[in-house]
*Asks:* 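This is the structure I have questions about; it appears just below.
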Amino acid sequence: MIKLTRRQDEILHIVKQNGPITGQEIAEKLSLTRAALRPDLAILTMSGKLDARPRVGYFFNDNYEVKRQAEKFLHQKVTDYKAHPIVVEKSTPVYDAIVQLFLEDVGTLYAVDSEGHLAGVISRKDLLRASLGNRNLQELPVSVIMTRMPNIITINSEETLLEAAKKMIQNHIDSLPVVKEVDQQKNTYLLLGRITKTTITRAYLEIMEK
Ligand code: ADP
C-alpha cells in the first residue's frame with residue numbers, strides 16, 4: 001500500500017466532503033494551479049482511491065475503503081487475537097470434561113499429555129457421541145474419544161487470521177490450537193492459545209467498526 005503525501009491526503013479529504021468535484025475546484029480550494037495538481041490526481045485515481053468521470057469530476061471510491069479495511073482484517077496476526085486455551089489432562093474422565101466445557105463456556109477442550117504437549121482435541125460432538133453410548137462417563141478417559149495427534153490441525157502465532165479462517169473452513173472445524181513446535185518428527189507441540197470462528201468474527205467487527 002502506498003503512503004500518501006500530505007497534499008494527497010488533503011485532496012482525498014476535499015473529495016470526500018465535496019465530491020463529485022472538478023479538478024479546477026479542488027485546485028482553487030488548495031490555492032494551486034490545475035497543472036500543479038495533475039500528478040497527485042493521477043496517483044489517486046490510478047491507485048483506486050478516487051474515481052473520475054468526464055464532465056462530472058472526481059469522487060471518493062467507497063469500495064476502496066472497504067477493500068482496504070478487509071485486507072487489514074485478513075492480515076492480522078493470530079498472536080494478537082488468540083484466546084486462552086482450556087486444557088485437560090488426557091486421562092480426565094469424559095464426565096469431568098463435559099462439566100469443564102460448561103464451566104468455561106467454550107465449545108472445545110484441548111488434551112495434553114503428562115509432559116504438557118498437545119495430545120488431542122475434544123469438541124462438543126465428540127462429547128455428545130460418547131454420551132450416546134451406554135458407557136460410564138466417569139470412567140471413560142477423554143483420550144479414547146478425542147481427535148489425536150497427528151490428525152490435529154494447528155496454527156502458529158505468526159500466521160494470519162486469513163490462514164486461520166481457511167484452515168477452519170477447509171477442515172470443517174470450529175477452532176484451532178495455536179501452537180509452538182517442540183519437535184516436528186515426534187509431532188510435539190506446546191499449546192499457546194486457541195483461535196475460534198468467534199475470534200474471527202470479533203476481529204472483523206472490531207476492524208470494520210473503527
Ligand atoms: P463441534 O463438535 O462442536 O461441531 P468441531 O466442528 O470443531 O466442533 O469438531 C468436529 C470434529 O472435528 C470433532 O471430532 C473434533 O474432535 C474435530 N476437530 C476439532 N478441531 C480440530 C482440529 N483443530 N484439528 C483436528 N480435528 C479437530
Side-chain angles (χ1 to χ4, degrees), residues 70-209:
E71 266 175 19
K72 197 169 152 204
F73 154 67
L74 291 168
H75 291 112
Q76 297 292 311
K77 289 269 165 41
V78 160
T79 190
D80 298 326
Y81 287 91
K82 65 180 188 300
H84 193 66
I86 307 303
V87 178
V88 293
E89 231 279 326
K90 66 178 187 171
S91 59
T92 306
V94 167
Y95 185 94
D96 293 1
I98 295 173
V99 172
Q100 191 76 350
L101 197 83
F102 280 104
L103 285 179
E104 299 286 352
D105 193 18
V106 288
T108 310
L109 301 172
Y110 297 110
V112 291
D113 61 21
S114 52
E115 284 155 35
H117 296 145
L118 178 62
V121 176
I122 308 138
S123 78
R124 280 178 281 225
K125 257 182 259 151
D126 297 330
L127 294 169
L128 277 175
R129 200 180 301 111
S131 312
L132 279 179
N134 286 325
R135 288 179 283 195
N136 182 354
L137 301 182
Q138 316 250 19
E139 300 287 327
L140 185 68
V142 289
S143 56
V144 175
I145 64 146
M146 68 191 188
T147 300
R148 289 173 201 80
M149 269 304 179
N151 299 323
I152 303 178
I153 316 290
T154 61
I155 192 139
N156 298 323
S157 290
E158 288 312 304
E159 288 185 80
T160 62
L161 290 188
L162 175 62
E163 283 151 336
K166 272 190 194 158
K167 282 187 182 184
M168 285 193 272
I169 295 298
Q170 282 166 0
N171 294 286
H172 307 281
I173 49 179
D174 292 348
S175 79
L176 296 168
V178 182
V179 296
K180 182 167 179 254
E181 192 178 281
V182 180
D183 185 332
Q184 196 188 14
Q185 282 180 343
K186 289 191 199 150
N187 266 317
T188 45
Y189 296 94
L190 283 178
L191 194 56
L192 303 180
R194 67 190 160 97
I195 289 282
T196 66
K197 286 180 179 170
T198 307
T199 316
I200 307 276
T201 313
R202 190 179 301 122
Y204 181 79
L205 265 186
E206 256 178 49
I207 289 170
M208 292 301 167
E209 277 180 356

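Just so you know, residue 1 is the first one in the sequence shown, and it goes up from there. Counting convention: from 1, in listed order, for ligands and their atoms alike.
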*Asks:* So if I count the atoms of ligand 1 from 1 in the order they appear, which ones are less than 4.0 Å from some heavy atom of Ile152?
*Replies:* 24 (N), 25 (C)
*Asks:* Could you list the atoms of ligand 1 found under 4.0 angstrom from a heavy atom of Pro177?
*Replies:* 23 (N)
*Asks:* With a cut-off of 4.0 Å, which atoms of ligand 1 are near a heavy atom of His172?
*Replies:* 6 (O)
*Asks:* Give the residue, atom name and distance (to 0.1 Å) of the protein heavy atom nearest atom 7 (O) of ligand 1.
*Replies:* Asp174 N, 2.8 Å
*Asks:* Do Thr201 and Thr198 have a side chain donor and acceptor closer than 3.5 Å?
*Replies:* no
*Asks:* With a 4.0 Å heavy-atom cut-off (strictly under), which part of Asn151 contacts ligand 1: side chain, backbone, both or neither?
*Replies:* backbone
*Asks:* Could you check atom 23 (N) of ligand 1 against the protein and tell me its nearest heavy-atom contact, residue, atom and distance included?
*Replies:* Ile153 O, 3.0 Å
*Asks:* Measure the distance from atom 15 (C) of ligand 1 to every protein heavy atom, then report the residue, atom name and distance (to 0.1 Å) of the closest one.
*Replies:* Asp126 OD2, 3.3 Å
*Asks:* Arg124 to ligand 1: N or O pair under 3.5 Å?
*Replies:* yes
*Asks:* Is Ser123 in polar range of ligand 1, meaning some N or O pair under 3.5 Å apart?
*Replies:* yes
*Asks:* Minimum heavy-atom separation for Met149 and Asn187, please, with both atom names.
*Replies:* CG-O, 4.1 Å
*Asks:* Will you find, in the side chains of Thr160 and Glu163, an N or O donor that is under 3.5 Å from an N or O acceptor?
*Replies:* yes
*Asks:* More than 12 foreign heavy atoms under 6.0 Å from OH of Tyr81: is that the case here?
*Replies:* yes
*Asks:* Is the count of non-hydrogen atoms from other residues, nucleotides or ligands lying under 6.0 Å from Asp105 atom CG greater than 12?
*Replies:* no
*Asks:* Kindly confirm or rule out an N or O of Ile173 lying under 3.5 angstrom from an N or O of ligand 1.
*Replies:* no
*Asks:* To the nearest 0.5 Å, what is the distance between CG (Asn156) and NZ (Lys180)?
*Replies:* 10.5 Å
*Asks:* In terms of atom number and element, which parts of ligand 1 are under 4.0 angstrom from non-hydrogen atoms of Ser175?
*Replies:* 20 (N), 23 (N)
*Asks:* Please identify which atoms of ligand 1 are closer than 4.0 Å to at least one heavy atom of Thr147.
*Replies:* 14 (O), 15 (C), 16 (O), 17 (C), 25 (C), 26 (N)
*Asks:* Using a strict cut-off of less than 4.0 Å between a Lys/Arg side-chain nitrogen and an Asp/Glu carboxylate oxygen, indicate whether Lys197 and Asp174 qualify as a salt bridge.
*Replies:* yes
*Asks:* Sort out for me which residue in Val78, Val121, Val106, Thr108 forms a side-chain contact (heavy atoms from CB on, under 4.5 Å) with Arg194.
*Replies:* Val106
